[in-house]
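Step one of this worksheet: look at the structure below.
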Amino acid sequence: MKLRVEFDRETDGRWIAEIPELPGVLAYGGTRAEALAAVEALALRVIADRIENGELEPVPSSLMFEAA
């Protein structure tokens with residue numbers, strides 16, 4: 001499973017990272033790297049929750065994040 005991470009920057013300098021394939025999965029960070037780390041962690045939580053609830057089939061054998 002390959003997930004694309006999109007970035008944007010707020011007027012106050014904070015970075016926003018979002019994964020369009022997982023609606024609602026977005027995170028802020030003081031730097032682009034911090035935003036990326038936060039959104040990856042959130043995505044893993046969401047994917048794990050979907051697997052536990054039987055909402056994700058088949059279970060991904062690998063997961064890759066691609067920064068856009």
Side-chain angles (χ1 to χ4, degrees):
M1 176 183 272
K2 191 175 202 177
L3 300 172
R4 186 181 72 243
V5 181
E6 295 181 355
F7 295 92
D8 197 9
R9 196 159 189 190
E10 294 282 318
T11 56
D12 64 4
R14 291 182 303 163
W15 284 90
I16 304 168
E18 180 178 13
I19 299 178
E21 296 88 357
L22 297 172
V25 176
L26 64 97
Y28 288 91
T31 66
R32 184 179 164 124
E34 289 173 357
L36 177 60
V39 82
E40 286 176 349
L42 179 57
L44 292 172
R45 285 188 214 111
V46 168
I47 291 168
D49 185 60
R50 289 182 181 177
I51 290 170
E52 287 176 2
N53 290 304
E55 299 170 24
L56 186 62
E57 294 291 334
V59 176
S61 59
S62 66
L63 182 63
M64 293 176 45
F65 294 96
E66 178 181 81

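What you see below is based on every heavy atom in this structure, not just the backbone, and it leaves out hydrogens, waters and symmetry mates.
- Taking every heavy atom of both residues into account, Thr31 and Trp15 meet most closely at C-CD1, 3.3 Å.
- Between Ala17 and Ala35, the shortest heavy-atom distance links the atoms CB-O, 3.6 Å.
- The two residues Tyr28 and Ala38 have their closest heavy-atom pair at O-CB, 4.2 Å.
- Under the 4.5 Å side-chain heavy-atom criterion for ILVMFWY residues, no single connected hydrophobic cluster contains both Leu26 and Leu3.
- Atoms CZ and CZ, from Arg50 and Arg45 in turn, are 14.5 Å apart once rounded to the nearest 0.5 Å.
- The shortest side-chain heavy-atom distance between Leu42 and Ile19 does not fall under the 4.5 Å cut-off.
- Atom CD of Glu6 is separated from atom CD of Glu66 by 10.5 Å, given to the nearest 0.5 angstrom.
- Linking ILVMFWY side-chain heavy atoms closer than 4.5 Å, directly or via other members, places Phe65 and Ile47 in a single hydrophobic cluster.
- For the pairing with Val39, the side chain to side chain contact (heavy atoms under 4.5 Å, CB included) check across Leu22, Leu44, Val5 returns one residue only, Val5.
- For Asp12 (side chain) and Arg14 (main-chain N/O), a donor-acceptor pair under 3.5 Å exists by modelled atom type.
- Taking both residues in full, the closest heavy atoms of Gly13 and Arg9 are given as O-NE, 3.0 Å, listed atom of the first, atom of the second, then distance.
- The nearest pair of heavy atoms linking Gly29 to Glu34 is C-OE1, 3.9 Å.
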